[in-house]
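Reckoned from all heavy atoms, side chains included, excluding hydrogens, waters and symmetry mates.
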Amino acid sequence: MTLWFVFALMTVAAIFAVLWPLGRSGRAQDQGSQNQAGEVAVYKDQLAEIERDLAAGLIAAPEAEAARVEISRRLLAAAGSESSSDLKSAPSLKWRRAAAVLALVGLPLVAIGVYMPLGSPRLQDFPLAQRERGAGSGMARSLENLVVQVEQHLEKNPTDGRGWNVLAPVLQRLGRFDDAVRAYRNSLTYNGESAERRSDLGEAISAAAGGVVTAEAKTEFERAHALDADDPKANYFLGLAAEQDGRKDDAANIWRALLAKAPADAPWRPLVQSSLARVGGGTMPALSDETIAASKDMAEGDRNAMVRGMVERLATRLKQNGDDVEGWLRLVRAYLVMGDRDKAMGASTDARQAVAKDAERLRQLNEGLKTLGLDG
């Protein structure tokens, strides 16, 4: 209630701030009218004085006539100005009063008329978090309404491949995985085969199974891989299937190959890097096929020495040319796997210094280090 009272006072103050100069100008007009009336009286006194001087013989008749004409002209001009001012001041005063009444009464009425259909005076204040949740739920409801409209359209036009292609990812985003699987299947039926559609279908099937790459989902990813061997989603989930089957080395090889071909700014690189670190297969520098074959016949100590030698050579190369972000991340992961966290921290510091002048490389490096648990 206090807030409304303050608003009312502010409105009245604003209205009077506008009307006050109008009132002052009205008084100025009244003062002007009084001055004009005084001029008329002076001219009349001057005419009477001329008549007295003529009767007393103080001025000649021609001079009296000339003076009488001049003063009469000024008298008529003053009288006309006074009459015009009187004619203007009356309606001006009337309009000022009408404007004041309109402002004092009309503005609040207009404000109330606008507020009532739009506002809610009895509605309690909401905390910011609650308002944000309300806005989010409103967006979700709008999205669901659009989904309903698209579904109704597809019921009447089931062969609209473009409609199924649009609907499927939205259903998956809403958590309606079974419906998303059906939509992706229809998209394949009416739009034709593609690696992307097969991968999307496999992802929806995995999501419906709680994140498990089932045999059905794996089949879809294999079909996608057959259509496009470089499809990132298919390769990632095939690696995930291998990990879930207990074949961590196979998963690491799939993910390592995926990272080797990936663009430096690929948005899914951190996910693959963290997955690779999880299985422990992607932490060492990549070995050639000949080196891997030779290391199989080595004793455990010799193999570890060979790996450490490769890590040190990688560290030396990076100190000479530090632009290789992926190389720095491989080095840090290698130190972590070998249990040498101090060297990992030192390598991360050296890496940041090496790419400090390149904002994009620094961003990629920080994202990779974050996946390895080295935020600082």
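Under the 4.5 Å side-chain heavy-atom criterion for grouping Ile, Leu, Val, Met, Phe, Trp and Tyr, V170 is connected to Y190 within one hydrophobic cluster. In the hydrophobic clustering of ILVMFWY residues, with side-chain heavy atoms under 4.5 Å counting as a link, L154 and V147 come out together. Both L362 and W328 sit in one connected hydrophobic cluster of ILVMFWY residues. Membership requires side-chain heavy atoms under 4.5 Å apart, directly or through other members. Connection of L369 to L318 is established within a shared hydrophobic cluster, with ILVMFWY side chains joined at heavy-atom distances below 4.5 Å, either directly or through further cluster members. Linking Ile, Leu, Val, Met, Phe, Trp and Tyr residues whenever their side-chain heavy atoms come within less than 4.5 Å places F237 and L276 in a single cluster.
For R185 and E216, the salt-bridge test passes: some basic side-chain N is under 4.0 Å from an acidic carboxylate O. At a threshold of 4.0 Å, the pair E312-R317 does not count as salt-bridged, since none of the basic side-chain nitrogens sits closer than that to a carboxylate oxygen. Using a cutoff of 4.0 Å between basic side-chain nitrogens and carboxylate oxygens, E193 and R223 are not scored as salt-bridged.
To the nearest 0.5 Å, atom CG of residue D323 and atom NZ of residue K357 are 11.0 Å apart. We find the CG-CG distance between D230 and N235 to be 7.0 Å, quoted to the nearest 0.5 Å. Distance CD/E203 to CG/D200: 6.5 Å, rounded to 0.5 Å. Between L329 atom CG and Q364 atom CD the span is 9.0 Å, to the nearest 0.5 Å. Distance check: D228 CG to S194 OG gives 9.5 Å after rounding to the nearest 0.5 Å. Of the inter-residue distances, the one linking I254 atom CD1 with L258 atom CG reads 9.5 Å to the nearest 0.5 angstrom.
L201 approaches V181 most closely through the heavy-atom pair CD1-O, 3.7 Å. Minimum interatomic distance between F221 and S199 (heavy atoms only, all atoms of both residues): CE2-O, 3.4 Å. Contact detail for G161 and N191: the closest heavy-atom pair is O-ND2, 2.8 Å. In terms of heavy atoms, D160 sits closest to H153 at OD2-NE2, 2.9 Å. For the pair V279 and W255, the tightest heavy-atom approach, listed with the atom from each and the gap, is CG1-CZ3, 3.8 Å. Between L365 and V355 the shortest heavy-atom distance is CD2-CG2, 3.7 Å.
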Using the rule given for salt bridge (charged side-chain N to carboxylate O under 4.0 Å, His left out), can you reason through E151 versus R176, listing the C-alpha separation, both sets of side-chain angles and the distance that settles it, and then say yes or no? CA-CA 13 Å; E151 287 177 330; R176 296 171 54 182; 2.7 Å; yes
So K319 and T316, side-chain contact (heavy atoms from CB on, under 4.5 Å) or not? Walk me through it. CA-CA 5 Å; K319 288 181 179 179; T316 301; 5.9 Å; no
Between E367 and R269, does the salt bridge (charged side-chain N to carboxylate O under 4.0 Å, His left out) criterion hold? Intermediate values first, please. CA-CA 9 Å; E367 289 180 354; R269 283 186 71 94; over 6 Å; no
Run R363 and N366 through side-chain hydrogen bond (donor to acceptor under 3.5 Å, both in side chains) and show every step you take. CA-CA 5 Å; R363 182 189 65 80; N366 288 331; over 6 Å; no
Step-by-step side-chain contact (heavy atoms from CB on, under 4.5 Å) determination, K343 to L331: CA-CA 9 Å; K343 284 189 176 182; L331 179 63; over 6 Å; no
Step by step, work out the salt bridge (charged side-chain N to carboxylate O under 4.0 Å, His left out) result for R198 and E222. CA-CA 9 Å; R198 286 294 178 185; E222 289 172 343; over 6 Å; no
Let me see the working for K233 and E220 under salt bridge (charged side-chain N to carboxylate O under 4.0 Å, His left out), right down to the final yes or no. CA-CA 11 Å; K233 184 178 292 187; E220 297 300 334; over 6 Å; no
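The backbone N or O of R247 sits nowhere less than 3.5 Å from a side-chain atom of D245 that would complete a donor-acceptor pair. Here the side chain of S187 pairs no donor or acceptor atom with the backbone of A183 at under 3.5 angstrom.
Residues R162 and N165 have side chains that never bring a donor and an acceptor to within less than 3.5 angstrom of each other. No side-chain donor from either of D231 and H225 sits under 3.5 Å from a side-chain acceptor of the other.
In this structure, R197 and Y184 have side chains that are not in contact, with every pair of non-hydrogen atoms separated by 4.5 Å or more. L240 is listed as a side-chain neighbour of E243, based on a closest heavy-atom distance under 4.5 Å. You'll find the side chain of P158 stays beyond 4.5 Å of the side chain of N186, heavy atoms only.
Ring centers of W268 and Y236: at least 6.0 Å apart, outside the cut-off.
Atom CD of E196 sits in a sparse spot, with 12 or fewer heavy atoms from other residues, nucleotides or ligands closer than 6.0 Å.
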